[in-house]
Amino acid sequence: MLAEAEAGSARREGAAPPIIRLSGVGKTFDNGTEALRGVDLSVARGEFLSLLGPSGCGKSTILRLVSGLDVPTAGTITWSGATERVGEEQEVGFVFQEPTLMPWARVFDNVYLPLRLKGISRKAAKDGIMDALESVGLEDFAHAFPRELSGGMKMRVSIARALATDPEVLLMDEPFAALDEITRFKLNDDLLRLWAEREWTVIFVTHSVFESVYLSTRIAVMTGRPGRIDQQVFVDEPSPRSSAYRTSPQYAETARNTSAALSSAMAAR
Ligand code: ADP
């Protein structure tokens with residue numbers, strides 16, 4: 001299976017130039033914890049890449065390094081194409097596991113926050129904010145407070161906030177882990193629709209084999225800590241994917257292969 005994955009990698013890397021490349025990336029925290037060692041990963045423009053691995057293997061750390069929130073202690077991260085700088089604010093949107101909304105501010109102002117931080121006036125930002133809210137189906141809730149919203153709606157606000165900056169790359173750290181299954185499935189479909197419409201590059205962190213198979217064009221399977229990429233699984237199912245895919249033999253087979261890759265990565269050192 002690894003040979004097959006490698007052949008697929010060469011084919012795809014030829015098709016689209018990488019937008020982000022991690023070479024030999026390592027991260028050891030000040031307290032001595034070695035979270036990552038020797039991470040090699042290229043992300044092509046337009047990919048939906050999932051990082052799959054056990055808790056604590058360094059998935060969130062990779063997102064933080066890619067976003068520029070933190071710096072590697074070994075190796076390099078390079079951006080190509082239009083993006084010259086790691087973490088350039090307008091190029092990267094970050095969605096965290098918790099929606100991290102300001103409870104005292106209305107939905108509109110929560111979505112406005114990153115634009116306000118960039119010095120854009122409320123008036124100039126208004127149309128973009130309303131577009132972002134419409135994209136996630138919350139245009140009627142612009143004046144609501146977070147406490148009036150369900151967990152799924154709060155996560156939609158968080159996604160709208162990332163959308164408002166019109167990022168080229170969207171980093172998502174287990175954004176749906178705390179949601180019930182029905183809401184999660186709905187948000188999975190909404191995310192795939194937005195990904196297709198906006199032509200984003202997405203790096204999505206998850207520890208769910210099933211979620212990664214449903215969403216991704218490629219799954220990078222990580223070892224336990226110190227984490228590195230052990231295997232890759234390419235998901236050839238074309239878009240748009242729908243609930244019919246969840247019950248298809250192809251889905252079951254890819255999930256089986258991905259589970260096997262995860263077990264072998266967890267056994268690897
Ligand atoms: P994952 O997202 O795969 O669950 P993380 O990237 O959050 O893993 O963490 C990887 C490892 O690094 C864990 O052992 C975690 O405890 C450790 N870690 C993360 N951030 C810090 C930090 N700021 N200081 C020390 N250790 C950290």
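This chain uses plain numbering: 1 for the first residue, then up along the sequence. One-based numbering, in listed order, for ligands and for the atoms of each.
The shortest separation from a heavy atom of Gly227 to ligand 1 is not under 4.0 Å, leaving the residue out of contact. Between Gly53 and ligand 1 there is no heavy-atom distance shorter than 4.0 Å.
Scanning the protein heavy atoms around atom 15 (C) of ligand 1, the nearest turns out to be Thr33 CG2, 4.9 Å. Looking from atom 9 (O) of ligand 1 to the surrounding protein, the closest heavy atom is Thr61 OG1, 3.8 Å. Scanning all protein heavy atoms for the shortest distance to atom 13 (C) of ligand 1 gives Gly56 O, 3.8 Å. Scanning the protein heavy atoms around atom 18 (N) of ligand 1, the nearest turns out to be Phe29 CE1, 3.4 Å.
Electrostatic pairing of Asp189 and Arg193 does not count as a salt bridge here, judged by no charged N lying under 4.0 Å from a carboxylate O. Using a 4.0 Å cut-off between a side-chain N of Lys or Arg and a carboxylate O of Asp or Glu, Asp109 and Arg122 qualify as a salt bridge. At a threshold of 4.0 Å, the pair Glu98-Lys154 does not count as salt-bridged, since none of the basic side-chain nitrogens sits closer than that to a carboxylate oxygen.
Considering backbone and side-chain N/O of Gly58, one or more are found under 3.5 Å from N/O of ligand 1. Every N/O-N/O distance between Ala35 and ligand 1 stays at or above 3.5 Å.
Atom 20 (N) of ligand 1 is approached by the protein to below 4.0 angstrom, counting heavy atoms only.
Looking at Val235, Val209, Asp236 one by one, the single match for side-chain contact (heavy atoms from CB on, under 4.5 Å) with Thr254 turns out to be Val235.
Figure legend: cation-pi geometry between Arg106 and Phe108 absent, as NZ or CZ is not positioned both under 6.0 Å from the six-membered ring centre and within 45° of its axis.
At a heavy-atom cutoff of 4.0 Å, ligand 1 is contacted by no atom of Met222, backbone or side chain.
Within ligand 1, counting atoms from 1 as listed, the ones closer than 4.0 Å to a heavy atom of Lys59 are 1 (P), 2 (O), 3 (O), 4 (O), 6 (O), 8 (O).
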